[in-house]
Amino acid sequence: MEYEIIHLRKSQWKGHVLPMGYKTEEYYEVSVDRSENGFAMKMEKKKAEPPIVHTPEEYDFPDKLYEDWWANACAWGVLINEKLVAAIETDLEKWSNRLRITELWVAPEYQKKGIGRALMETAKEQARLMRSRAVILETQSCNINAIGFYLHEGFTLIGFDSCCYSNRDIERREVRIELGWFPEKRTKLSKEEVEIRQEEPEDYMAVEQMTQEAFWNKHEKGCTEHYLVHKLRNHPDYLPELSRIAVVEGEVAGAVFYSKSKVRSEDSEWDVLTFGPLCVRPDFQGRGIGEMLLKETMQLAKEAGYSGIVIFGEPDYYPRAGFRTCDAFGITTADGRNFDAFLGIELKEGAMNGICGRFYESEVFESLALEEVEAYSKRFPEKKKQYFPCQWSKEE
């Protein structure tokens with residue numbers, strides 16, 4: 001069947017009731033035994049006699065979207081004939097860097113059609129985009145079908161609470177269990193495994209497609225960075241002698257592009273560098289390619305005599321490479337602001353002393369007309385645009 005997963009805006013869907021219910025003829029019996037040396041916990045599947053049945057009507061506190069206690073909730077769903085038939089809601093635990101799935105529901109008549117899996121993939125994609133270290137969720141020891149689905153999706157048991165719903169949860173055969181999914185651990189690549197070199201014309205399409213994959217839905221619905229790369233190559237501010245791509249086993253895995261920019265005061269002007277985009281294909285992220293590209297190209301820039309680099313970049317990433325917020329240099333944006341994502345670095349100690357004023361990047365960054373981006377994107381395989389809460393433009 002055809003369906004589309006859409007963002008369920010908080011302003012429209014807050015308080016919407018999800019009619020949760022299920023019937024099961026099996027359950028996991030939970031037992032906790034204490035010994036002199038500690039505790040032993042056991043979960044064993046058993047026959048439920050009589051079957052365990054839960055209906056939406058029995059709950060005093062039904063499941064609702066965007067409950068007040070989920071501070072960072074975001075929901076997606078499927079509408080059929082304007083009726084919500086499936087939904088997933090997540091909440092980012094900022095303190096632990098985990099993404100919690102707070103709700104996952106598919107109407108009975110639409111189950112086993114792949115909708116639940118597609119919704120789960122949306123949550124996993126959010127975790128990747130936001131660099132969450134785990135996706136976690138709660139279910140009950142008697143919800144056999146849900147547990148089976150989560151295990152099939154790669155989740156594993158991470159804990160339980162034997163008195164969450166009442167003081168008799170074990171006797172009632174309904175114990176809260178916590179399940180977790182962890183992104184694949186990726187080993188760092190060695191320098192010998194990565195070829196870092198200048199881009200050639202025959203690389204152009206592969207580099208642009210890699211760039212699109214790296215930024216898709218990250219900062220906005222879809223992305224514009226692949227078109228920026230296309231325009232940058234033919235702009236006089238582009239610096240191909242500093243820009244590099246990373247190739248692994250013949251495949252383009254990452255790239256960084258440098259351009260000229262300016263810092264201006266009332267009576268002076270200085271040349272500085274900007275790089276962007278710096279990107280790594282999603283399946284190569286976390287393997288050290290970005291660091292390799294940065295290290296090699298910053299050395300090239302230093303040898304070429306440039307004083308420093310100013311960028312708009314992720315504040316949880318670039319400080320690890322030595323970048324500081326630009327207020328440390330007395331530099332502001334063109335409109336006089338400073339913020340965590342406005343970063344700079346000296347290429348030699350003291351090289352940016354006396355460089356202060358407003359920063360102006362190349363005009364090529366400001367000339368990405370949406371209609372041009374859309375037309376150019378038709379050269380690549382079609383990808384679905386989706387809202388995620390990490391994007392710059394927030395949807396309520």
Side-chain angles (χ1 to χ4, degrees), residues 1-22 54-95 98-132 135-139 143 146 149-150 153 181 215-224 370-371 373-374 377 382-396:
M1 62 175 293
E2 293 186 4
Y3 59 88
E4 180 182 7
I5 295 175
I6 64 169
H7 174 225
L8 303 177
R9 292 172 181 258
K10 184 177 182 179
S11 58
Q12 180 181 354
W13 292 94
K14 179 177 171 57
H16 183 88
V17 174
L18 302 178
M20 297 285 192
Y22 58 88
H54 287 299
T55 64
E57 293 76 22
E58 73 184 73
Y59 295 106
D60 294 331
F61 299 97
D63 292 74
K64 298 178 183 178
L65 294 175
Y66 292 109
E67 293 281 21
D68 290 338
W69 48 83
W70 301 123
N72 305 297
C74 190
W76 297 265
V78 174
L79 297 177
I80 302 292
N81 297 324
E82 300 184 356
K83 178 183 178 182
L84 187 68
V85 301
I88 192 169
E89 180 185 76
T90 64
D91 184 79
L92 180 64
E93 289 187 354
K94 292 185 178 180
W95 67 273
R98 300 186 301 179
L99 185 69
R100 176 173 287 279
I101 295 175
T102 56
E103 303 287 355
L104 178 57
W105 167 78
V106 180
E109 63 270 30
Y110 290 97
Q111 293 176 5
K112 298 184 178 180
K113 298 181 183 294
I115 296 177
R117 170 166 287 187
L119 290 169
M120 184 63 76
E121 285 302 315
T122 301
K124 290 178 179 178
E125 178 67 3
Q126 181 189 359
R128 184 188 72 79
L129 290 171
M130 304 186 81
R131 297 182 178 176
S132 300
V135 179
I136 60 175
L137 56 83
E138 164 205 354
T139 191
N143 198 344
F149 170 75
Y150 297 136
E153 286 297 306
W181 174 86
F215 285 100
W216 193 254
N217 289 331
K218 185 172 180 63
H219 299 307
E220 59 187 311
K221 290 181 179 179
C223 73
T224 60
L370 183 59
E371 59 272 17
V373 176
E374 294 294 332
S377 296
E382 185 176 358
K383 297 173 71 67
K384 176 176 169 51
K385 294 181 180 181
Q386 183 60 273
Y387 171 77
F388 288 97
C390 56
Q391 292 168 5
W392 293 325
S393 177
K394 301 300 182 183
E395 291 190 357
E396 298 294 337

Tightest non-hydrogen contact, residues Leu18 and Ala87, listed as CD2-CB, 4.2 Å

Could you report the tightest heavy-atom contact between Lys384 and Asn217, atom names first, then the distance? O-ND2, 3.3 Å

Applying salt bridge (charged side-chain N to carboxylate O under 4.0 Å, His left out) to Glu374 and Lys385, what does each step give before you reach the verdict? CA-CA 12 Å; Glu374 294 294 332; Lys385 294 181 180 181; 2.4 Å; yes

Could you go through Glu220 and Ser393, starting from their C-alpha distance and side-chain angles, then the distance that decides it, and tell me whether this counts as side-chain hydrogen bond (donor to acceptor under 3.5 Å, both in side chains)? CA-CA 7 Å; Glu220 59 187 311; Ser393 177; over 6 Å; no

Stepwise side chain to side chain contact (heavy atoms under 4.5 Å, CB included) test for Leu119 and Leu104: CA-CA 8 Å; Leu119 290 169; Leu104 178 57; 4.0 Å; yes

Can you check whether Trp76 and Phe388 have ring centres sitting under 6.0 Å from each other? yes

Tightest non-hydrogen contact, residues Gly77 and Leu8, listed as N-CG, 3.6 Å

Within a 6.0 Å radius of atom NZ on Lys94, are there more than 12 heavy atoms belonging to other residues, nucleotides or ligands? no

Side-chain H-bond candidate by donor/acceptor type, Thr122 with Gln386, under 3.5 Å: no

Spatial distance of atom CG (Leu99) from atom CG (Leu129) [nearest 0.5 Å]: 10.5 Å

Between Glu67 and Lys64 (salt bridge meaning N to carboxylate O under 4.0 Å), is one present in this structure? no

If every non-hydrogen atom of Tyr66 is compared with every non-hydrogen atom of Lys14, which pair is closest and at what distance? O-NZ, 2.9 Å

Ignoring hydrogens, what is the shortest heavy-atom contact between Met1 and Ile80? Give both atom names and the distance. CE-CD1, 3.9 Å

Please test Met130 against Cys390 for side chain to side chain contact (heavy atoms under 4.5 Å, CB included), starting from the C-alpha separation and ending with a verdict. CA-CA 6 Å; Met130 304 186 81; Cys390 56; 3.8 Å; yes

Is it the case that more than 12 heavy atoms not belonging to Lys394 sit under 6.0 Å from its NZ atom? yes

Point-to-point distance, once rounded to the nearest 0.5 Å, from CD of Glu121 to NZ of Lys124: 5.0 Å

Given 3.5 Å as the limit, does a donor-acceptor pair link the side chain of Thr102 with the main chain of Glu89, or not? yes

Drop me the distance from Gln126's CD to Tyr387's OH, to the nearest 0.5 angstrom. 9.0 Å

Rounded to the nearest 0.5 Å, what separation is found between the CZ atom of Phe149 and the CD atom of Gln111? 10.0 Å

Sorted by chain and number, sequence neighbours left out, ring-ring contact (aromatic ring centres under 6.0 Å, His included) with Trp13 holds for His16

Of the non-hydrogen atoms in Ala75 and His7, which two are nearest, and what is the gap between them? O-CD2, 3.1 Å

